[in-house]
Amino acid sequence: MLSSATKKKIDTARDILVGKIPMPTSQVEQITLALIYKFMSDMDKKTKDLGDTSGFFANGYEKYAWDNLMDKALPARDRVLLYRDALEKMALNPHIPQLFRDIFRNASLPFNDPETLKLFLDVIDQFEYDHSEELGNAFEYLLQVMGSQGDAGQFRTPRHIIDFIVEVVDPQKTDTVLDPACGSGGFIMSALKYLQANYKKVNKSNIISQNLFGIDINRSIARIAKMKLLLESNGRTNILCNNSLEDLDSILLSLGQKDGFDLILTNPPFGAKITQSSVLSKFDLGHKWSRHDNGYYKTKTVYSNQNAEILFIERCLQLL
């Protein structure tokens, strides 16, 4: 359960950003990136304490270490430049796991105010990687803050409904499970907890890396899903930022599951319209059909638009 202290810190971070970043989705993205940056630094310190001298910040990346950002002697304007440069360069850092490089891809800082950044980073600095349960709750709260994203057909599925569906479907420890519209990973996290509860000897990291998969078109939300799973695993997660309605073979290849999945757990986007003929042409339900005496025949003509949920149902069948 989200503690009042964690909620207060998240709300404070948002309040600081409101004047510079009016959109809630962009506020959430900046908080997510900053938290991941801080957690990555905490992990780096922990591995060094255990004797690993390589580190995430080496060979030109030393200047991006979190402690350097928080150095009180650093001029305010230089902090803005350093933090912006770090966000933009971190995806190229060869010393961090691929998961982190994926998370920081296309990251940027959308404001220039030194005082705002200092106040914001001071709040983020209060979080620690060791408090993984608190951090998981923080990411869940961030998604609630984001609210509904009607333009993309994305809505948060209530937790009790997710847990009910997972219990009814009853995933087994050998099943591969995919959510092709995973959002922040609600179904995936619920499936993980279900497997842990029903198979006491399962290895949590192995389940995350070998059995649980997710796709989401929104990079900001996919970042949250990746981070939540990272807190539970050894650093490998199977969250893909992509459009699940794009080329089927490339999706399966990207996830390393050419034969498909055993289970689909999802609440697909409702309300969004698909208008691209290149996407519609990949689906039977994207074509118009003509009626003949002995049945229906698919024509070469595709719809000018189609509801996303209709195509998602067909895509789920293709993915199984």
Side-chain angles (χ1 to χ4, degrees), residues 2-42 64-72 74-91 100 102-129 131-132 134-152 154-156 183-185 216-228 230-231 241:
L2 182 72
S3 70
S4 58
T6 299
K7 181 178 182 296
K8 182 177 180 180
K9 282 186 281 192
I10 294 293
D11 288 341
T12 300
R14 285 191 61 232
D15 289 342
I16 292 168
L17 294 178
V18 163
K20 303 298 177 181
I21 309 176
M23 289 294 293
T25 51
S26 298
Q27 296 162 15
V28 168
E29 180 173 32
Q30 289 301 313
I31 294 171
T32 301
L33 287 169
L35 285 174
I36 293 169
Y37 197 150
K38 175 58 165 60
F39 304 159
M40 190 169 64
S41 179
D42 289 348
Y64 300 130
W66 185 265
D67 286 347
N68 291 337
L69 276 173
M70 302 307 297
D71 186 350
K72 295 184 184 303
L74 183 68
R77 174 57 59 183
D78 290 349
R79 180 177 291 108
V80 173
L81 297 175
L82 182 61
Y83 186 65
R84 172 178 287 113
D85 195 40
L87 290 184
E88 294 174 355
K89 299 284 179 58
M90 204 60 70
F100 287 124
D102 290 342
I103 287 172
F104 281 99
R105 187 174 296 129
N106 299 322
S108 63
L109 181 67
F111 62 88
N112 296 308
D113 183 56
E115 184 61 23
T116 297
L117 182 63
K118 181 184 182 303
L119 293 172
F120 174 63
L121 294 182
D122 283 345
V123 174
I124 299 299
D125 193 49
Q126 298 173 31
F127 287 90
E128 294 183 18
Y129 178 77
H131 305 154
S132 60
E134 177 193 10
L135 299 177
N137 290 334
F139 283 118
E140 193 67 28
Y141 179 58
L142 280 173
L143 189 69
Q144 295 178 41
V145 166
M146 207 181 295
S148 62
Q149 304 301 311
D151 291 342
Q154 298 169 333
F155 297 91
R156 185 172 184 272
S184 70
D216 201 89
I217 194 172
N218 186 306
R219 186 172 297 278
S220 301
I221 299 177
R223 282 189 177 114
I224 295 178
K226 286 183 180 182
M227 196 61 211
K228 285 169 65 177
L230 173 65
L231 294 172
C241 181

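Only heavy atoms go into these numbers, but all of them, side chains included; no hydrogens, no water, no symmetry mates.
- Partner of Ile221 under the side-chain contact (heavy atoms from CB on, under 4.5 Å) criterion, out of Val28, Asp216, Thr32: Asp216 alone.
- When atom types are taken as modelled, the side chain of Glu128 and the backbone of Phe39 share no donor-acceptor pair closer than 3.5 angstrom.
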Anything under 3.5 Å between a donor and an acceptor, one on a side chain of residues 80-87, the other on a protein residue two or more places apart or in another chain? List them.
{"unit_1": "Arg84", "atom_1": "NH1", "unit_2": "Asn112", "atom_2": "OD1", "d": "3.3"}
{"unit_1": "Arg84", "atom_1": "NH2", "unit_2": "Leu109", "atom_2": "O", "d": "3.4"}
{"unit_1": "Arg84", "atom_1": "NH2", "unit_2": "Phe111", "atom_2": "O", "d": "2.9"}
{"unit_1": "Arg84", "atom_1": "NH2", "unit_2": "Asn112", "atom_2": "OD1", "d": "2.5"}
{"unit_1": "Asp85", "atom_1": "OD1", "unit_2": "Lys89", "atom_2": "NZ", "d": "2.9"}
{"unit_1": "Asp85", "atom_1": "OD2", "unit_2": "Tyr64", "atom_2": "OH", "d": "2.3"}

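- Rounding to the nearest 0.5 Å gives a distance of 10.5 Å between CG of Leu33 and CE of Met90.
- Tested against Ile16 for a side-chain contact (heavy atoms from CB on, under 4.5 Å), the candidates Leu121, Leu119, Ile31 yield a single pass: Leu119.
- Contact of the Ile103 side chain with the Tyr37 side chain is not registered, since no non-hydrogen atoms from C-beta on lie closer than 4.5 Å.
- The side-chain contact (heavy atoms from CB on, under 4.5 Å) check on Asp125 picks up Lys38, Trp66, Met70, with sequence neighbours excluded.
- Applying the side-chain hydrogen bond (donor to acceptor under 3.5 Å, both in side chains) rule to Arg105 yields the partners Asp102; only residues at least two apart in sequence or on another chain are considered.
- Atom-to-atom distance recorded for Arg79:CZ and Leu74:CG is 5.0 Å, nearest 0.5 angstrom.
- Considering only residues two or more places apart in sequence or on other chains, Asp71 meets the side-chain hydrogen bond (donor to acceptor under 3.5 Å, both in side chains) condition with none of them.
- For the atom pair NZ (Lys226) and OG (Ser184), the distance works out to 14.0 Å, reported to the nearest 0.5 Å.
- Considering all non-hydrogen atoms of both residues, Val123 and Ala13 come closest at CG1-CB, 4.1 Å.
- Remark: the backbone N or O of Ile21 is paired with a side-chain donor or acceptor of Gln27 at under 3.5 angstrom.
- For the atom pair CE of Met40 and CZ of Phe104, the computed distance is 4.5 Å after rounding to the nearest 0.5 Å.
- Between atom OG of residue Ser26 and atom NZ of residue Lys20 there is a gap of 15.0 Å, rounded to the nearest 0.5 Å.
- A salt bridge (charged side-chain N to carboxylate O under 4.0 Å, His left out) check over residues 107-122, counting only residues at least two apart or in different chains, returns the pairs Lys118-Asp122.
- Legend: residues meeting side-chain contact (heavy atoms from CB on, under 4.5 Å) with Lys7, ordered by chain and number and at least two apart, are Leu2, Asp11, Tyr141.
- Closest non-hydrogen pair, Ala225 versus Gly183, comes out as CB-O, 3.5 Å.
- Considering all non-hydrogen atoms of both residues, Arg219 and Cys241 come closest at CA-SG, 3.6 Å.
- Considering only residues two or more places apart in sequence or on other chains, Asn106 meets the side-chain hydrogen bond (donor to acceptor under 3.5 Å, both in side chains) condition with none of them.
- Residues Leu17 and Gln30 form a side-chain contact, since some pair of their non-hydrogen atoms from C-beta on lies under 4.5 Å apart.
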